[in-house]
*Asks:* 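Structure provided below as structure tokens; questions to follow.
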Number of protein chains: 2
Amino acid sequence: MAIREKEAELTGTPGDALRVLREHSLTTLVQREIERQIVSGDLAAGAKLNEVDFCNELGVSRGPVREAFRMLEQAGLVRTEKNRGVFVRQVSIEEANEIYDVRAALDGLIGRLAATRVKPEQLARLKAIVKRMRAAERTLDADEYFPLNLEFHEVMAEAAGNRALTANYRRVVNELNLYRREMLLRDADNITLSTREHEAVVEAVTKGQADVAERLLFDHVIHSRERLHRALATPAPRARKAPRKAA
Amino acid sequence: MAIREKEAELTGTPGDALRVLREHSLTTLVQREIERQIVSGDLAAGAKLNEVDFCNELGVSRGPVREAFRMLEQAGLVRTEKNRGVFVRQVSIEEANEIYDVRAALDGLIGRLAATRVKPEQLARLKAIVKRMRAAERTLDADEYFPLNLEFHEVMAEAAGNRALTANYRRVVNELNLYRREMLLRDADNITLSTREHEAVVEAVTKGQADVAERLLFDHVIHSRERLHRALATPAPRARKAPRKAA
DNA sequence: ATATCGTAGATTGTTGACAATCTACAAGAA
DNA sequence: TTCTTGTAGATTGTCAACAATCTACGATAT
């Protein structure tokens with residue numbers, strides 16, 4: 001389906017579609033769509049991205065697709081090999097470890113700033129998310145837990161009230177998700193422990209304890225990395241929706 | 001001058017030029033050249049980047065130039081307004097303050113990691129840089145000090161041995177330089193104080209004191225921000241090479 | 001004088017075509 | 001068989017032309 005029609009559908013009325021096209025170039029829309037396919041897992045890590053395929057799928061020419069590729073390249077989501085094509089970036093376990101260090105530093109800062117700047121509305125959202133996390137914890141539903149986890153940290157980043165921080169944080173999390181998506185949280189233990197840590201963070205933020213929130217969020221990231229390593233050690237990943245295969 | 005000839009000159013022999021063109025696309029070369037013009041200050045903050053002008057200047061068509069624009073946009077160096085063009089990004093004082101917070105967090109991590117991982121060769125480079133800083137301090141030569149400062153932190157980032165950290169750090173520093181370039185360090189005080197802090201960092205890294213290096217480098221960034229604010233309060237910026245004017 | 005309108009030129013957004021490179025596979029030699 | 005070698009098709013890199021939009025500026029009306 002052409003991306004213009006897709007936007008028209010998304011926005012409901014044809015009039016809105018025109019507005020969208022006034023404000024966003026095709027490059028932007030293509031970039032967003034490909035990014036969605038990558039972070040949702042429709043495109044597997046290592047998969048080759050064919051220019052013409054995307055042109056046909058989205059109903060645009062190669063120019064905007066190539067420009068979108070360059071954006072995704074800078075965002076760290078794809079890797080380009082000259083004359084060979086672009087591929088969904090593969091993050092090795094060593095790279096993931098390094099990225100976790102960066103994320104811990106950024107999340108520590110997020111905790112510190114959020115504790116003093118969080119707005120009541122944001123605090124309410126955080127508490128609602130944690131509440132839903134406890135429900136997912138009872139049913140051990142990892143597919144439900146995963147997006148809640150993303151949303152929790154997204155709201156925290158917002159609450160920090162620092163646009164540069166939010167932008168950098170998003171990029172780092174996006175890269176990590178290239179890796180985490182492959183094996184998610186497999187056992188109940190991880191969901192339970194992770195939820196406890198989220199609750200503690202919310203408590204510290206509620207009380208405005210900047211130092212505590214900073215340390216808790218920093219440790220939360222380091223613990224997440226350790227949980228990931230333990231999950232990697234377990235043998236049997238359960239089947240998920242099959243993503244488009246790597247080259 | 002066409003960018004292909006420019007590359008041929010840079011690499012010395014014509015054979016190397018062919019190798020360069022095999023490995024790098026025109027987009028990459030254009031992106032690098034424009035980035036150089038921005039960080040060097042040849043293009044002032046807020047200046048409009050005309051596609052055709054760059055095509056003529058670099059001897060390429062608009063395709064590679066537009067792709068380079070998209071990369072620079074993601075790197076945070078330019079801002080794009082649909083149907084109006086791309087402009088060198090302007091960083092406000094408020095944004096700079098926020099970015100400094102992010103940089104402090106990253107630099108803290110750099111100090112911590114570098115203290116345990118720095119290689120003898122890197123340590124030697126750091127000491128050589130600080131030595132040259134002391135010379136620049138005696139002559140109060142800010143134009144000499146500025147690149148030394150950049151190099152010092154670049155080597156520190158390398159010494160941390162974390163590619164994800166280095167990449168994020170470079171992006172943040174690039175954005176800050178959009179701002180700092182405008183007023184540099186104007187008075188001798190700043191150079192002296194900054195050099196003292198660099199020396200303290202080198203000492204901590206030499207001794208492998210991770211916690212100390214982390215705190216020193218974190219504080220160094222915060223102090224740099226304060227020095228910037230003091231410099232902003234001083235009235236008379238001295239003239240510099242005139243950059244291409246903003247729109 | 002001021003404001004509105006409209007046109008011409010400049011600039012960006014998008015497209016399709018051409019050139020260069022890579023990939024897959026088959027034919028032939030050792 | 002196994003290795004080269006070469007050709008055809010597919011894919012990427014680059015370019016030039018067309019379409020849409022914006023900007024500058026002058027004519028006209030109030």
*Asks:* I'd like to check the side-chain contact (heavy atoms from CB on, under 4.5 Å) partners of R163(B); sequence neighbours left out, ordered by chain and number.
*Replies:*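 Partners of R163(B) by the side-chain contact (heavy atoms from CB on, under 4.5 Å) criterion, ordered by chain and then number, come out as E98(A).
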*Asks:* What integer distance in Å separates H24(A):NE2 from dT14(C):C1'?
*Replies:*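 Taking NE2 of H24(A) and C1' of dT14(C), I get 18 Å after rounding.
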*Asks:* Distance check needed: dC15(D) P versus N56(B) CG, whole Å only.
*Replies:*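 Those two atoms, CG and P, are 12 Å apart.
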*Asks:* Tell me what G63(A) touches on the nucleic acid: a base, only sugar-phosphate, or nothing, going by heavy atoms under 4.0 Å.
*Replies:*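 Since a base atom lies under 4.0 Å of G63(A), the category is base.
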*Asks:* Excluding sequence neighbours, so at least two apart, what forms side chain to side chain donor-acceptor pair (under 3.5 Å) with R171(B)?
*Replies:*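 Applying side chain to side chain donor-acceptor pair (under 3.5 Å) to R171(B) gives none.
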*Asks:* Between N or O atoms, less than 3.5 Å apart, protein on one side and nucleotides 9-13 of chain C on the other: list the pairs.
*Replies:*
from: dT11(C); atom 1: O3'; to: K48(B); atom 2: NZ; distance (Å): 3.4
from: dT12(C); atom 1: OP1; to: K48(B); atom 2: NZ; distance (Å): 2.6
from: dT12(C); atom 1: OP2; to: E51(B); atom 2: N; distance (Å): 3.4
from: dG13(C); atom 1: OP1; to: N83(B); atom 2: N; distance (Å): 3.3
from: dG13(C); atom 1: OP2; to: R66(B); atom 2: NH1; distance (Å): 2.5
from: dG13(C); atom 1: OP2; to: R66(B); atom 2: NH2; distance (Å): 3.3
from: dG13(C); atom 1: N7; to: R62(B); atom 2: NH2; distance (Å): 2.7
from: dG13(C); atom 1: O6; to: R62(B); atom 2: NH1; distance (Å): 2.8

*Asks:* Taking only residues two or more places apart in sequence, or in another chain, which ones meet R79(A) in a side chain to side chain donor-acceptor pair (under 3.5 Å)?
*Replies:*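 Per chain and number, R79(A) pairs via side chain to side chain donor-acceptor pair (under 3.5 Å) with E81(A).
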*Asks:* Excluding sequence neighbours, so at least two apart, what forms side-chain contact (heavy atoms from CB on, under 4.5 Å) with E35(A)?
*Replies:*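 Result, side-chain contact (heavy atoms from CB on, under 4.5 Å) vs E35(A): Q31(A), V39(A), L72(A), L77(A), N174(A).
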*Asks:* Test of understanding: with salt bridge (charged side-chain N to carboxylate O under 4.0 Å, His left out), list the residues that count as partners of E158(B), not counting sequence neighbours.
*Replies:*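 For E158(B), the residues satisfying salt bridge (charged side-chain N to carboxylate O under 4.0 Å, His left out) (neighbours in sequence not counted) are R125(B).
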